[in-house]
4 protein chains.
Amino acid sequence: MRKKGANGQESRAKLLMIAANEFARSGYHHTKISTIVSRAGLTQPSFYLYFESKEAIFRELVGNFRSGLKELIEGSRLEGGIREDDVPDRLLAVLTSLFEYLGKDPDSTQIGFYISEESAAIKSEMAAMIANNLRAEQQEGYFRAEADMAVISESLVGVIERLTLQELLNGKRPSGDLARHVVNLFMHGICEHPYGRVSGDKFQGV
Amino acid sequence: MRKKGANGQESRAKLLMIAANEFARSGYHHTKISTIVSRAGLTQPSFYLYFESKEAIFRELVGNFRSGLKELIEGSRLEGGIREDDVPDRLLAVLTSLFEYLGKDPDSTQIGFYISEESAAIKSEMAAMIANNLRAEQQEGYFRAEADMAVISESLVGVIERLTLQELLNGKRPSGDLARHVVNLFMHGICEHPYGRVSGDKFQGV
Amino acid sequence: MRKKGANGQESRAKLLMIAANEFARSGYHHTKISTIVSRAGLTQPSFYLYFESKEAIFRELVGNFRSGLKELIEGSRLEGGIREDDVPDRLLAVLTSLFEYLGKDPDSTQIGFYISEESAAIKSEMAAMIANNLRAEQQEGYFRAEADMAVISESLVGVIERLTLQELLNGKRPSGDLARHVVNLFMHGICEHPYGRVSGDKFQGV
Amino acid sequence: MRKKGANGQESRAKLLMIAANEFARSGYHHTKISTIVSRAGLTQPSFYLYFESKEAIFRELVGNFRSGLKELIEGSRLEGGIREDDVPDRLLAVLTSLFEYLGKDPDSTQIGFYISEESAAIKSEMAAMIANNLRAEQQEGYFRAEADMAVISESLVGVIERLTLQELLNGKRPSGDLARHVVNLFMHGICEHPYGRVSGDKFQGV
DNA sequence: TATGAATGAGTCTTCATTCAT
DNA sequence: AATGAATGAAGACTCATTCAT
């Protein structure tokens, strides 16, 4: 006769899930081990059967999110040789899958993007990878040569993190919708009648 | 010769400044009153001479940042009747002063944008105000009629917060530079040769 | 061999007992959690395993005393229909059990009667219950019709609290002894030769 | 030109009065020097111009009450040789002046009787003096020879303190009224038909 | 006579973590 | 696989009191 929850893997997974939820809702410091185990129907010492410390479980959550994100982005470089007309659709596909990733586990996204002290690093890493992708594509002539891809990629990350928080995680808009908005913004801007770009003595064109 | 710190207002201001710095560097919970007062050359009880609690001084800091930001944005609507050609320059001016505000007191910006639990609310408020401004300008024909200003303003806030953190606060680029990049991105996008916009059955154009 | 104090209920009871003693001897403010736990052979956090706060354990102590007292007095109304000659003996029994209650746990009595801010309320409640009992008995003709039972019961409470503190708690006299003194005083007074009662223009007889 | 409140004696008296009020209302520990001086329109250091410490001002208040009380009681022994019939009226007069003393400065009475740690001692002293007076009168045959004046005086003090708190200080009954109730109770008791006194094998008669 | 500014000393309370079973 | 009981370490906050002016 198995004891209730006697399957260690189950308990571990349960703790991980609940911890993610607590961290996402309350932040790292306000989350208490006692709350987590209590929601899991366990006691405090049991927690330490599966995780070394509060920090360890948090790191595991952040790590999972981070590596999944990295993998996704690494696999999304535009293949060379696609027709120029296809660029927007390719971008759209990439961004859609990115938003889908961010939306499928809101607690982890919350943690990785907004709670963790690693958040800044994660987004920087993300921006760097995107910048690489974009530069490669830029070299193939898909984007304006003078565009500063460091700034563009940081901007893109900023847009993504903001829309994720404000539109995606609370269910206001679906991934594809958001992706399309972003593509159109980054492709064409919002200006009615394109005219010259702003510049100045001390500024360089984007 | 005046006693060191014998002026209460000086002590208060000092504590406020040091607290901002500690909160910005270490976050709310890791910041200790003992550290703050020690850096100010005071003792713990003195802190409570000027502030009700740790939370109170934090709130004051956040409040100052928030109201300053609000005031700035509220005063920045494009006046109607300017020539269409001037729109980019006006936007540039607005964004420049915004980045300047965000860059002049990095600790407060850090707190208001990234540390406070109010951060989300602050940015939402900011996005809402910007959306209002943009809509007004949209009605005067400066921007594409079909652009969804809710998404645009959220995106703009995302870009601003990201560039502030990655480029402005660590001194990589000056306010004007960033502002110009943002204007160009939002005006025209990064696309080399404008072609049709992406769309889909279930999506509406931006 | 059981670990010392490994039984939670024992620890709780121990803390409760020691706390009562400390509160009784030193008053609420001078009583330190550190002293209580140290006397119990525990550390401070253990205290919070069993009680929410210093105030909570104090309230529990006061509450226990109060409810026990209430129960005792509520159950002590003289049954109607007893012979008039038996009234003193019945009163004697009631007062004896009251003094016994007050004397069996001196620390709690000290707390409930003299330390707690609720003391006044406790004694008022006690006086009100006694007044009710006395009035019922008065209606059955056991006591003089013109006696003001509000004043009498307050007086009785005053006598009880004073004798408890001065004679009972320090062991000078046993419960029965005190009860008998009180009965005789309230029944007959101390006057050698009963003469007329004092009265005055503006006073009503007791 | 005199500074406001430049008269030291005025400030001192003011502090004393306010302190009495605060101590009476809030107890010793909850009373804060900061509150006292603030109500007096002074600052904290000024307090130490007139009193050595918080404890010192408290002691002064208690001392004043105590010595006034002592003086009053000492002067109230029944002169020998009065007619037996006059005893009640003499007692009445004594008790009336006692209640008047207790009622004229409620804050001080509150402090001396209920707040101070000296309260027990004050009442004991009071009981002892009363016992002396009563014994003297008992020897002159005014009271029953077998009455135990130690218990009687303690009881009397108990009645006085209780009626003072419950009836006098909150204005429910005037001094003379209370005094008369007490005299009648102690002279004759409340029994309708005097019958034998309770006694027991192990008890001695009052 | 009065005060602006500052502090020494002390206590409650919290929480992650562990031990023995 | 799980837990009842216990703790080490740390930080916020309070208040009577004093110094220099």
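If you're wondering where the values come from, they're calculated on a predicted model, not measured in any experiment.
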Worksheet entry | Phosphate-side-chain proximity, A/Ser11 and F/dA1, N/O vs OP1/OP2 below 4.0 Å | no
Worksheet item: How many angstroms lie between atom CG of C/Leu102 and atom CD of C/Glu161, to the nearest 0.5 angstrom?
Response: 10.5 Å
Practice prompt. Measure from the side chain of D/Pro45, starting at C-beta and using heavy atoms only, and say which of F/dC19, F/dT3, E/dA2 lies closest.
Written response: F/dC19
Response to the item:
Here the gap from D/His30 atom NE2 to C/Glu117 atom CD, rounded to the nearest 0.5 Å, amounts to 5.5 Å
Worksheet item: Could you give the CG-to-C1' distance, from A/Leu15 to F/dA1, as a whole number of Å?
Response: 12 Å
Worksheet item: Between C/Phe47 (CZ) and F/dA5 (P), how many Å, whole number?
Response: 17 Å
Discussion item. With nearest nucleotide decided by heavy atoms, which residue, A/Ser53 or C/Gln44, maps closer to the 5′ end of DNA chain E?
Written reply: C/Gln44
Item to complete: Would you indicate, yes or no, if F/dC15 has its OP1 or OP2 atom less than 4.0 angstrom from a side-chain nitrogen or oxygen of B/Tyr48?
Response: no
Discussion item. Can you tell me if D/Ser46 touches the phosphate of E/dA2, counting only side-chain N or O atoms and a distance under 4.0 Å to OP1 or OP2?
Written reply: no
Worksheet entry | Separation of E/dT13 P from C/Tyr50 OH (nearest whole Å) | 18 Å
Practice prompt. Give one of base, sugar-phosphate or nothing for D/Leu49, where a contact means two heavy atoms less than 4.0 Å apart.
Written response: base
Item to complete: Nearest whole angstrom, please: distance from the P of E/dC12 to the NZ of C/Lys32.
Response: 8 Å
Worksheet item: Quick one: A/Lys14 NZ to F/dA1 C1', roughly how many Å, whole number?
Response: 13 Å
Discussion item. By nearest heavy atom, map A/Gln9 and D/His30 onto DNA chain F; which one lands nearer the 5' end?
Written reply: A/Gln9
Worksheet item: What integer distance in Å separates C/Tyr28:OH from E/dC12:C1'?
Response: 10 Å
Discussion item. Rounded to the nearest 0.5 Å, what separates atom CZ in D/Arg66 from atom OG in D/Ser119?
Written reply: 9.5 Å
Practice prompt. Check every strand shown and say whether D/Thr31 touches a base, only sugar-phosphate, or nothing at a heavy-atom separation below 4.0 Å.
Written response: sugar-phosphate
Fill in: Spacing between C/Ile33 atom CD1 and E/dG10 atom P, to the nearest angstrom
17 Å
Worksheet item: Does any non-hydrogen side-chain atom of D/Ile33 lie less than 4.5 Å from one of D/Thr35?
Response: no
Worksheet item: What does F/dA12 pair with, Watson-Crick or G-U, if both distances are under 3.5 Å?
Response: E/dT11
Item to complete: Could you please name the partner base of F/dA5, counting Watson-Crick and G-U wobble pairs only when both distances are under 3.5 Å?
Response: E/dT18
Worksheet entry | Atom pair distance, as rounded to whole Å: CG in C/Asn7 and P in F/dA5 | 6 Å
Practice prompt. Mind checking the CG-CG spacing from B/Leu169 to B/Asp107? Nearest 0.5 Å is all I need.
Written response: 9.0 Å
